[in-house]
K.L.:
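Before anything else, here's the structure in question.
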Amino acid sequence: MVKYISTRGGGGAVSASEAILKGLAEDGGLFFPDYIPALPKTLKEFSEMTYQETAYEVMQAFLSDYTEEELKNCIKNAYDSKFDTEVIAPLAYADGVYYLELFHGATIAFKDMALSILPHLMTTAVNKNHIKNEIVILTATSGDTGKAALAGFAGVKGTKIIVFYPKNGVSPIQEKQMVTQKGDNTFVVGIRGNFDDAQNGVKKIFGDREFEKLMADNGYQFSSANSINIGRLVPQVVYYIYAYAQLLKEGKIADGEAINVVVPTGNFGNILAAYFAKNMGLPIAKLICASNENKVLFDFFRTGTYDRNRDFVLTSSPSMDILISSNLERLIYLIAGKDAEKNRELMMQLSTSGKYQISTEMQEKLQDFYGGYADEAQTASAIASLYESCGYVIDPHTAVASRVCRQYREETKDETKAVIASTASPYKFTRSVMKALGKDDGQADDFELADRLSEVSGVKIPEAVTGIRTVPVLHDTVCGKEEMADVVKKYLGI
């Protein structure tokens, strides 16, 4: 049975359901499985499974205190008609690589893949652990997690959800998706600051023991829907295994043939899930980490130094506008030989000085990774060139990955078949996409541009966009980054 321990060594081992409920370990660390299980089925067996069947096999290996009935029920409720394709995560072939389309859920971003199931995992965990408190989901978002979490938890009994986002740091459609969210248990707050400010504020609240006691006295307890929650990470492992199995099923690869995986990366959760899949036994050769101009991860993989002391750049790929990649801590813990003390020391350096340097020995354990980045001009060029060559339209985050994939191939001459994680629909970033295609005259709003994008791409506008065109704004609270705790107290009436 897999248990979960803190990357910083505090507290004892907890069950999967307890780790999901807590979100963050009490010492500020992230929960990590005491071992990574092997693939529970052969690749050939996976190739004959539906997405839902794959999800069960992979997730039961990690979430070992959930019964078969509980987990299958969570999966059935998550991966249903909310997705606009029966296969949940289809693969598209364009310009020599496979695009794993992770944006067919209710909010047209890859976060739906995990946040469709997290509320079900969490409410099941509440019952399993006989929790009487109301669960308050506290989350910072760089654009996509917020809406996906809101959609997942809206109306879920026994929960409230509070989402903080950078007021001027998300796309207009991303913001409209969040501020129009219905549900008496939902609350959305724009902060005057960037995503890192929002994330740091949430972490500070999580770490405040007095606040925790105040919450408990009022019948509440915090949890998180960010990718720091192991209940977010485990479902993400599924789609890499599913993608490989589909390529095998279609005869695109041989059984056991290695592939490269390219992931546009901000908080490091999505690429970490691919690394977990590799550690389970999935034949992944290189994990290609694609950054935008906030290239803190690119620099880390090149130098072994993580340094957030730099200018924060607002780009056309806002979900990657991040300088503190929270999930990287799990990788650091792993390459430190699961040395919690060493990891804690490095995280303390990051907290105090904004940087840390890993050892040469740790750097040598990063051979599976390749870091690349694309600037704004290269990102726009990737969108345009793919459309011109194949008629296939991608969003700016996927374009960053597409460009980095090409850079990697040119630099290394490695022609291994590649799967790119396509993390958002182009309809979420209509202005950036249409501008890249040379079809934005500056006169139309983002919704009018969606109409034009539909004409250009031949792809129907998703309900996630048409459904928010004219609906009223329900959340208009804005606060300073230092006021976040007070806003939470006010909303909860404590």
Side-chain angles (χ1 to χ4, degrees), residues 30 32-33 36 38-39 43 58 89 91 97-100 102 110 113-114 227 232-245 247 253 256-292 295-304 306 317 319-320 322 325-336 358 362-374 397-423:
L30 307 188
F32 197 93
I36 294 177
L39 286 173
L43 297 169
V58 175
L91 283 157
V97 295
Y98 295 93
Y99 288 82
L100 177 59
L102 300 172
F110 83 99
M113 302 299 294
S227 55
R232 268 280 304 274
L233 190 63
V234 169
Q236 291 179 277
V237 177
V238 174
Y239 46 72
Y240 293 108
I241 295 168
Y242 180 75
Y244 186 98
L247 291 175
I253 55 174
E257 180 182 348
I259 61 168
N260 289 337
V261 171
V262 192
V263 187
T265 312
N267 221 14
F268 207 73
N270 203 5
I271 195 166
L272 183 70
Y275 191 54
F276 270 42
K278 179 181 171 77
N279 278 270
M280 293 179 80
L282 193 70
I284 295 175
K286 275 286 187 207
L287 295 121
I288 300 169
C289 178
S291 300
N292 66 14
K295 54 189 181 70
V296 64
L297 287 165
F298 167 79
D299 292 337
F300 169 71
F301 284 116
R302 290 294 162 110
T303 66
Y306 192 95
S317 49
S319 297
M320 297 158 67
I322 292 172
S325 303
S326 290
N327 259 294
L328 186 64
E329 179 171 347
R330 286 187 169 113
L331 180 64
I332 297 298
Y333 172 73
L334 201 55
I335 63 173
I358 62 172
M362 289 170 71
Q363 263 186 276
E364 287 169 358
K365 293 179 181 174
L366 294 175
Q367 298 304 310
D368 291 335
F369 290 89
Y370 169 93
Y373 81 96
H397 302 76
T398 308
V400 168
S402 182
R403 171 69 188 195
V404 169
C405 182
R406 177 175 289 187
Q407 287 171 356
Y408 170 78
R409 286 183 159 182
E410 289 171 357
E411 183 182 312
T412 65
K413 308 301 182 225
D414 178 5
E415 290 297 321
T416 301
K417 287 164 188 160
V419 170
I420 292 176
S422 185
T423 54

K.L.:
To the closest 0.5 Å, what do you measure between CG (Leu282) and OH (Tyr275)?
P.N.:
13.5 Å

K.L.:
Quick one: closest heavy-atom pair of Met320 and Pro264, and the distance?
P.N.:
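Answer, listing the atom of Met320 first, then Pro264: SD-CB, 3.8 Å.
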
K.L.:
Who passes side-chain contact (heavy atoms from CB on, under 4.5 Å) against Lys417, sequence neighbours left out?
P.N.:
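Per chain and number, Lys417 pairs via side-chain contact (heavy atoms from CB on, under 4.5 Å) with Ile253, Glu257.
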
K.L.:
How close do Ile284 and Ala274 get, counting heavy atoms only, and between which atoms?
P.N.:
CD1-O, 3.5 Å

K.L.:
Got a second to check how far Arg403's CZ is from Arg406's CZ, nearest 0.5 Å?
P.N.:
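The CZ atom of Arg406 is 7.0 Å from CZ of Arg403, to the nearest 0.5 Å.
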
K.L.:
Walk me through whether Arg302 and Tyr370 qualify under side-chain contact (heavy atoms from CB on, under 4.5 Å).
P.N.:
CA-CA 8 Å; Arg302 290 294 162 110; Tyr370 169 93; 3.5 Å; yes

K.L.:
Could you state the interatomic distance from OH (Tyr373) to CG (Asn292), rounded to the nearest 0.5 Å?
P.N.:
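So the OH of Tyr373 and the CG of Asn292 are separated by 11.0 Å.
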
K.L.:
Without swapping roles, check the side chain of Gln236 against the backbone of Met113 for a donor-acceptor pair under 3.5 Å.
P.N.:
no

K.L.:
Is the backbone of Val263 close enough, under 3.5 Å, to the side chain of Asn270 for a donor and an acceptor to pair up by distance?
P.N.:
no

K.L.:
Do any N or O atoms from the side chain of Thr303 and from the backbone of Asp299 form a donor-acceptor pair under 3.5 angstrom?
P.N.:
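The answer is yes, because a donor-acceptor pair under 3.5 Å joins these two groups.
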
K.L.:
Out of the candidates Ile322, Asn267, Thr265, only one should pair with Leu297 under the side chain to side chain contact (heavy atoms under 4.5 Å, CB included) rule; please name it.
P.N.:
Thr265

K.L.:
Tell me every residue that passes side-chain hydrogen bond (donor to acceptor under 3.5 Å, both in side chains) with Tyr306, counting only those two or more places apart in sequence or in another chain.
P.N.:
Ser325

K.L.:
Which residues satisfy the side-chain contact (heavy atoms from CB on, under 4.5 Å) test with Gln367, sequence neighbours excluded?
P.N.:
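Checked Gln367 against side-chain contact (heavy atoms from CB on, under 4.5 Å); zero matches.
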
K.L.:
Name all pairs fulfilling the salt bridge (charged side-chain N to carboxylate O under 4.0 Å, His left out) condition that reach into residues 273-289, sequence neighbours left out, sorted by first residue then second.
P.N.:
Lys278-Asp368

K.L.:
Of the non-hydrogen atoms in Ile335 and Met362, which two are nearest, and what is the gap between them?
P.N.:
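Residues Ile335 and Met362, closest heavy atoms: O-CG, 3.5 Å.
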
K.L.:
Nearest 0.5 Å, what's the CZ-CG distance between Phe301 and Leu287?
P.N.:
8.5 Å

K.L.:
Where do Ser326 and Leu30 come nearest, in terms of heavy atoms and distance?
P.N.:
O-CD1, 3.5 Å

K.L.:
Using side-chain contact (heavy atoms from CB on, under 4.5 Å), reason through Tyr240 and Ile271 one step at a time and then give a plain yes or no.
P.N.:
CA-CA 10 Å; Tyr240 293 108; Ile271 195 166; 5.7 Å; no

K.L.:
Measure across Thr416 and Ala258 and return the closest heavy-atom pair with its distance rounded to 0.1 Å.
P.N.:
CG2-O, 3.4 Å

K.L.:
What I'd like to find out is whether the side chain of Val97 reaches to under 4.5 Å of the side chain of Arg409, using heavy atoms alone.
P.N.:
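With C-beta onward as the side chain, the pair touches.
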
K.L.:
Is there a side-chain contact (heavy atoms from CB on, under 4.5 Å) between Leu366 and Phe300? Walk through the geometry before answering.
P.N.:
CA-CA 10 Å; Leu366 294 175; Phe300 169 71; 3.9 Å; yes

K.L.:
Could you give me the CA-CA distance, side-chain angles and deciding distance for Phe268 and Arg330, then say whether side-chain contact (heavy atoms from CB on, under 4.5 Å) is met?
P.N.:
CA-CA 9 Å; Phe268 207 73; Arg330 286 187 169 113; over 6 Å; no

K.L.:
Could you pull out all residues at least two apart from Thr423 that satisfy side-chain hydrogen bond (donor to acceptor under 3.5 Å, both in side chains)?
P.N.:
none

K.L.:
Measure the acute angle between the ring planes of Phe276 and Phe32, then classify it against the limits of 30° and 60° as parallel, tilted or perpendicular.
P.N.:
perpendicular

K.L.:
What closest approach, in Å, do Leu43 and Gly256 show between heavy atoms, and which atom pair accounts for it?
P.N.:
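Nearest heavy atoms, Leu43 then Gly256: CD1-N, 4.0 Å.
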
K.L.:
Going by the rule side-chain contact (heavy atoms from CB on, under 4.5 Å), which residues pair with Ala290 if we only count those two or more places apart in sequence or in a different chain?
P.N.:
Val400, Ala401, Val404

